[in-house]
Enquirer: 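This structure is in structure tokens; I'll ask about it shortly.
In the text below, chain A, chain B and the rest are named by the order of the sequence lines, each starting its count at 1. Computation of the quantities below employed the complete heavy-atom set of this structure, encompassing side-chain atoms and omitting hydrogens, waters and symmetry-equivalent molecules.
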There are 2 protein chains.
Amino acid sequence: MAKTLGYVPNASARTLRTSRSRVVGVLMPTLTNPVFAECLEGVAEAAHAAGYAILPMTTHYDATLETRCVTLMQGASVDGFLLVVSNPDSSQALRQLQRARKPYVLLYNRHPKHPCVSGDSETAVAEVVARLVSLGHRRLTMVSGPMSASDRAQQRYKGFLHGLKLAQMKGPCLLEVPFMESAVETVVSHLKSDKRPTALVCSNDLLALRCLRAAQLAGLRVPQDISIVGFDGITLGLDTMPMLTTIVQPNHEAGHLGVQWLVQAIEQRKLPTPSESVLLAHQFRAGESCGQAPAAYPSRDQPQAR
Amino acid sequence: MAKTLGYVPNASARTLRTSRSRVVGVLMPTLTNPVFAECLEGVAEAAHAAGYAILPMTTHYDATLETRCVTLMQGASVDGFLLVVSNPDSSQALRQLQRARKPYVLLYNRHPKHPCVSGDSETAVAEVVARLVSLGHRRLTMVSGPMSASDRAQQRYKGFLHGLKLAQMKGPCLLEVPFMESAVETVVSHLKSDKRPTALVCSNDLLALRCLRAAQLAGLRVPQDISIVGFDGITLGLDTMPMLTTIVQPNHEAGHLGVQWLVQAIEQRKLPTPSESVLLAHQFRAGESCGQAPAAYPSRDQPQAR
DNA sequence: CTGTTAGCGCTTTCAA
DNA sequence: TTGAAAGCGCTAACAG
């Protein structure tokens, strides 16, 4: 028969017969954070290139939902999973996948007992701290979302502590702000306190953007009065004023790699192993939100010449 | 037999038998624009609630890709389509769907011959223009992405023209900036020109954020020296400094409605019809980027007291 | 009303 | 090398 005729193989029949769906499930906390949206685009591209479809779901950082979604995806008989979980250690969803011996790869999470594609957040933040210190900053605050909701926040905080220690500075200051709401006010009041920091290290770019606003609301100029550094490298950070200084992670690429690894595993009928985990290189983007520490100690009590 | 036992029906077998996959294809220009990401979340939620999975793809405003993706999705035998196309009028992909008599619903697009869930961009922009005029603005520029890439841009521009006409103003000024790159510089030089506008009406929020930066680079204070209004109501606009004035569209809800309509059509085995198209109400968010027109004509040649 | 059966379109196996 | 046939798990139709 002429195959020039528009013949399209029936995916369901194939799946039924081979018990392989050529679909990978993708679980992310949210798409509202451009980091994940960008990564998902990468995933979609790579999956498509490999002849796979994707089934994406979002969990809003809710571990219960994670489990529910994974169950749902299993029902849809996906061939493998790409996940960003809240906490690999305690994740019920991951345990479920391990029990079922389903291939999966974690994105952004980093954990010795799971196959992960991630950046080295800890080192990156430590480097940023060193950079800030060399610019004369002595009072740093880390601004973070809820630690419990994300192992990345934890790692980044660890990096912060590490950086401080290397610089032989003490009194780590952590500002943990609630999720979406009122972050700005919290930061503003922190910045109005007596011994405010000269630099904010933010655990992600979305938070950093809010800090940019908070600083200005507090009457501080960025970067003259206070430096602000983000983490993630979302494209939007390029258009803020001042342009956000941040650590850029290859979001797109992370998606690509995750898919490639997972697909390869699926086709070879083996599980991705933790030992093959990939660390992606981060990159510092100078931006404009970060500068020399103000000459005077950043307080009203003792103005002081250079 | 005990159904308490973990029985999970096999989706492929069911699809094969019933020739219904319970999957809807979702086509969007990009996920990097939070508007679409938010909408996709709405779609995902509603689809899940209705027992459907989604298959999302992005086209990057490329009509050729639109067609290719739709073909791909047909191959995956999705039951229906949710699409944001560049231009419904000329869309090859839509023609293909019509020929195949596949149920589909357009999101954000607005066209009399297609089933659409959209906002009334035209009216909304005209209202904004009226608002600006009542604040004393007489020189407005519309900043838009490539008109050809999106019917929304066209409608918004139409609204702009309409608004100007109602206010009996002439000399519509349009600044069409290239896609991602260099938008900022283009705007900066526009703002440095002799008779610069006192207000920028942006065809979307992402562009408005760039204008915020451009204005400041041009040495203008927002909103004292220039007002800037966006369109879309992305969450990020709440955290800029000044907070973005914009028209908020119910992105989440648009996704919900689209899914509900589509699913209903699928289950009743009929096609969504253009006549049932839904117009969603927009909402004005005052923000902080918009104010009274500067007392003096906005130029260096004649400073002038209030 | 309950239980049995044919067949959806594909792949894989086995016979010719 | 090519071709026929079985069967994946489900649902719809039909018989008991």
Enquirer: Rounding to an integer number of Å, can you tell me how far L16(A) CG sits from dG7(C) P?
Expert: 17 Å

Enquirer: Closest approach of M57(B) and L72(B), non-hydrogen atoms and distance?
Expert: CE-CD2, 3.5 Å

Enquirer: Once you round it to whole Å, what is the distance between P of dG7(C) and CG of N10(A)?
Expert: 18 Å

Enquirer: Among L83(A), L262(A), V263(A), find the residue that satisfies the side chain to side chain contact (heavy atoms under 4.5 Å, CB included) test when tested with V105(A).
Expert: L262(A)

Enquirer: Using whole Å, report how far CZ of R14(A) lies from C1' of dC10(D).
Expert: 19 Å

Enquirer: Whole angstrom is fine here: how far is it from CZ in R22(B) over to C1' in dG9(D)?
Expert: 17 Å

Enquirer: Using a heavy-atom cut-off of 4.0 Å across all strands, would you classify R17(B) as base, sugar-phosphate, or nothing?
Expert: base

Enquirer: Are D120(A) and H282(A) linked by a side-chain donor-acceptor pair shorter than 3.5 Å?
Expert: no

